[in-house]
2 protein chains.
Amino acid sequence: MPTIYDVARLAKVSPSTVSRVLNGKLTVDEALAKRVRKAASDLDYRPNALARSLRRSQTNLWAVLVSDINNPFFTALVRGVEDVAQQAKYSVVLCNSDENPDKEADYIAAILAEQMAGVIISPTNRSISSSSRSAPMRQLLAASVPLVAIDRQLRGATVDIVTVDNTHAAQLATDHLVSEGFSRIACITGPRDISTAQQRLEGYRRALRASGRDVDSRLIRYADFREAGGHAAMGDLLDHTPRPDAVFATNNLMTVGALECLVDRGVSIPADVGVFGFDDVPSATLIRPPLSTITQPTYDIGRTAAELLLQRIADPSRPPSRAVLPTELHVRASSLKRRANTSSRD
Amino acid sequence: MPTIYDVARLAKVSPSTVSRVLNGKLTVDEALAKRVRKAASDLDYRPNALARSLRRSQTNLWAVLVSDINNPFFTALVRGVEDVAQQAKYSVVLCNSDENPDKEADYIAAILAEQMAGVIISPTNRSISSSSRSAPMRQLLAASVPLVAIDRQLRGATVDIVTVDNTHAAQLATDHLVSEGFSRIACITGPRDISTAQQRLEGYRRALRASGRDVDSRLIRYADFREAGGHAAMGDLLDHTPRPDAVFATNNLMTVGALECLVDRGVSIPADVGVFGFDDVPSATLIRPPLSTITQPTYDIGRTAAELLLQRIADPSRPPSRAVLPTELHVRASSLKRRANTSSRD
DNA sequence: CTGTTAGCGCATTCAT
DNA sequence: ATGAATGCGCTAACAG
């Protein structure tokens with residue numbers, strides 16, 4: 001691989017001049033600049049990002065560290081991030097913590113070691129409360145690496161964040177189930193330590209209380225935000241008293257799992273059990289009955305996170321901001337008790 | 001951030017000794033080694049990967065560069081790669097070329113600039129034939145960065161590759177449609193320049209020929225391996241003569257698109273049009289009728305690719321090898337003409 | 001406007 | 001077995 005010195009020699013200038021030209025400094029005579037560009041092109045020169053980064057102590061890589069790479073919600077985000085990043089000359093790489101704090105810690109260590117320029121993260125949220133002094137998340141914050149949280153709160157730190165109004169959205173969905181006349185509405189939510197799971201559960205609770213009902217804890221299950229977890233939780237609900245006549249699942253994968261369980265057991269939707277899901281579900285339009293869902297603006301979440309990251313990089317001292325994006329409620333047949341026979345779609 | 005010098009000073013040894021200890025050289029006195037480890041821990045020292053990589057001209061990052069991050073086939077792969085990588089102390093980052101040669105080129109440039117230790121790629125295949133002398137793919141090969149292709153052939157170069165027997169699998173699927181008595185079997189395949197699309201189409205052709213039929217090019221569509229493409233292709237097929245009574249779609253997303261089109265138009269499956277898909281389809285078990293598919297061992301594809309990469313890194317001169325993994329044929333109701341009324345599932 | 005010099009943090013010679 | 005010196009490729013002071 002040719003270096004800046006090879007280019008300099010060929011162009012008969014000094015290495016610094018080459019560096020200036022290649023970094024777009026305007027202070028170089030056009031004749032020299034042209035020679036440098038020609039030489040670089042002739043040698044097929046590519047800057048060594050490692051050397052540059054070591055010198056500047058900063059790369060042009062962003063990491064998007066998500067908690068489940070197999071969840072389309074997270075991969076859909078990435079497009080939005082990429083579009084903004086590309087404009088600003090950053091490359092974005094995706095890392096998968098798999099809801100596993102150890103894997104998350106490993107990736108954060110790598111992000112730190114590689115001096116990446118910014119991080120967009122949906123945290124597992126056990127990292128920061130870890131007692132280990134060298135907890136990588138702690139270091140990430142200490143090193144003030146530009147950081148934006150998505151989807152969930154980062155516990156123990158105030159950072160830029162982009163989410164939706166989970167409580168409100170969940171409340172609307174549950175309101176709908178209530179107004180449809182379902183009386184034993186269950187909720188399958190995510191891990192207790194994840195804000196998203198808490199807030200969506202809280203919305204469910206509020207809706208029930210607002211309608212003058214008790215919240216029956218026997219109708220609540222904490223699962224893992226995955227398909228298998230949703231499946232198991234649904235099975236467990238069906239096996240116990242009171243038997244739910246509707247279920248609100250707080251993410252896409254658990255919704256799919258719950259649906260599979262219902263189908264496996266021959267439970268009719270929505271006649272026996274109404275279903276409302278959170279997030280878009282893959283191949284949603286092919287599922288019968290059509291599924292009622294709350295959807296999030298995934299692309300915009302990615303875009304917004306990237307824009308916040310850019311602002312944070314530009315001004316590290318600016319106060320952390322929170323972007324709350326709108327959700328959409330899509331009522332379809334799976335939650336329509338009273339009109340269960342019409343096969344409405346939107 | 002503390003450096004190796006800070007650790008050295010605290011441990012009252014030389015920087016080289018610190019380096020040796022931290023890199024597990026056995027030639028250091030245990031007493032000194034202990035002091036060094038204590039000092040490093042006390043200072044919360046983390047090696048600067050940039051400096052190390054610059055020195056060794058090599059990082060411990062692998063890139064997985066896929067052509068569509070929203071295709072679960074590719075994200076499912078990543079798990080397999082990660083598991084192998086972690087064992088070998090590599091971190092893996094995922095990049096998305098989006099079937100766009102320009103984006104692919106940008107990422108390859110970044111991979112080169114960051115001196116990543118290895119690459120697993122599903123190439124867009126326009127990069128290498130690009131006329132530009134500085135085509136990054138060309139450089140990637142020239143720089144002999146350890147490289148493994150997945151899913152598709154890398155045109156113009158012989159590299160390690162892991163795939164399935166696409167031709168054979170497609171032939172089996174089409175054979176099945178033939179034996180079910182479908183007579184106007186269409187094929188929706190991917191871009192012409194992608195080997196996977198070519199091979200799956202070839203398998204379709206062979207099956208038709210083997211059954212003594214002509215291959216009617218009016219029943220073939222080249223789409224983009226995406227949902228929208230599959231949808232459009234299906235619509236186009238339905239709008240022209242001869243009207244197909246079955247369709248074989250050569251990947252998961254196009255299968256979903258085709259199904260959506262059929263549902264939109266009220267075409268009954270499989271009574272009016274039988275459907276056979278390639279790859280697992282998201283939420284497949286919820287789709288009615290159950291979908292016949294050929295499935296690939298995604299996790300193993302990832303694992304195998306990672307293992308080949310490891311071997312390539314260990315011995316750059318070893319001849320390129322090709323791993324061909326087995327597919328599975330799952331016949332379900334969507335392709336059963338003769339028994340269209342039974343709602344069999346497996 | 002351009003060239004010379006120095007140093008980012010580390011691993012690796014080479015001495016001892 | 002350990003330490004001193006060197007340079008990976010680049011950018012940024014500083015001179016000129």
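All values below were derived from every heavy atom in this structure, side-chain atoms included, with hydrogens, water molecules and symmetry-related copies excluded. Here is the naming used below: chain letters follow the sequence lines, and residue numbers restart at 1 for every chain.
- In this structure, NZ of A:Lys25 is placed 12 Å from C1' of D:dC10, rounded to the nearest angstrom.
- The nearest whole Å value for the distance from the CG atom in A:Asn23 to the P atom in D:dA12 is 7 Å.
- Out of D:dG9, D:dT11, C:dT2, the shortest distance to the side chain of A:Thr17 is found at C:dT2.
- Residue A:Gln87 places its CD atom among 12 or fewer non-hydrogen atoms of other residues, nucleotides or ligands, all under 6.0 Å distant.
- Side-chain contact annotation: B:Asp300 with B:Thr298, donor-acceptor N/O pair under 3.5 Å absent.
- Rounded to an integer number of Å, the gap from A:Leu50 CG to C:dC8 P is 17 Å.
- Rotation axes derived from the C1' atoms of the five outermost pairs at either end of the helix from C:dC1-D:dG16 to C:dT16-D:dA1 lie 40° apart, to the nearest 10°.
- Contacts of B:Leu32 with the nucleic acid, taken as non-hydrogen atoms under 4.0 Å apart, involve only primed sugar atoms and P, OP1 or OP2.
- In this structure, B:Ser19 reaches the bases: a heavy-atom distance under 4.0 Å links it to at least one base atom across the strands shown.
- Straight-line distance from the CZ atom of B:Arg56 to the P atom of C:dT12: 6 Å, rounded to whole Å.
- Going from atom CZ of B:Arg9 over to atom P of C:dG9 covers 12 Å, rounded to whole Å.
- The side chain of A:Ser57 places no N or O atom within less than 4.0 Å of a non-bridging phosphate oxygen (OP1 or OP2) of C:dC8.
- Taking atom CG of residue A:Leu54 and atom P of nucleotide C:dG7, one finds them 14 Å apart after rounding to whole Å.
- Here D:dT11 presents its C1' atom at 13 Å from CG of A:Asn48, a figure rounded to the nearest Å.
- Atom CD1 of B:Ile4 and atom P of C:dT12 are 11 Å apart (whole Å).
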Dump every N/O contact between nucleotides 4-6 of chain D and the protein below 3.5 Å, one line per pair.
{"from": "D:dA4", "atom 1": "N7", "to": "B:Ser16", "atom 2": "OG", "distance (Å)": "3.4"}
{"from": "D:dA4", "atom 1": "N6", "to": "B:Ser16", "atom 2": "OG", "distance (Å)": "3.0"}

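- Counting all heavy atoms, side chain and backbone alike, B:Asp151 lies closest to B:Phe74 at OD2-CZ, 4.0 Å.
- Put simply, CD on A:Glu114 and OG1 on A:Thr59 are 8.0 Å apart, with the number rounded to the nearest 0.5 Å.
- A donor atom on one side chain and an acceptor atom on the other are found under 3.5 Å apart for A:Ser67 and A:Ser122.
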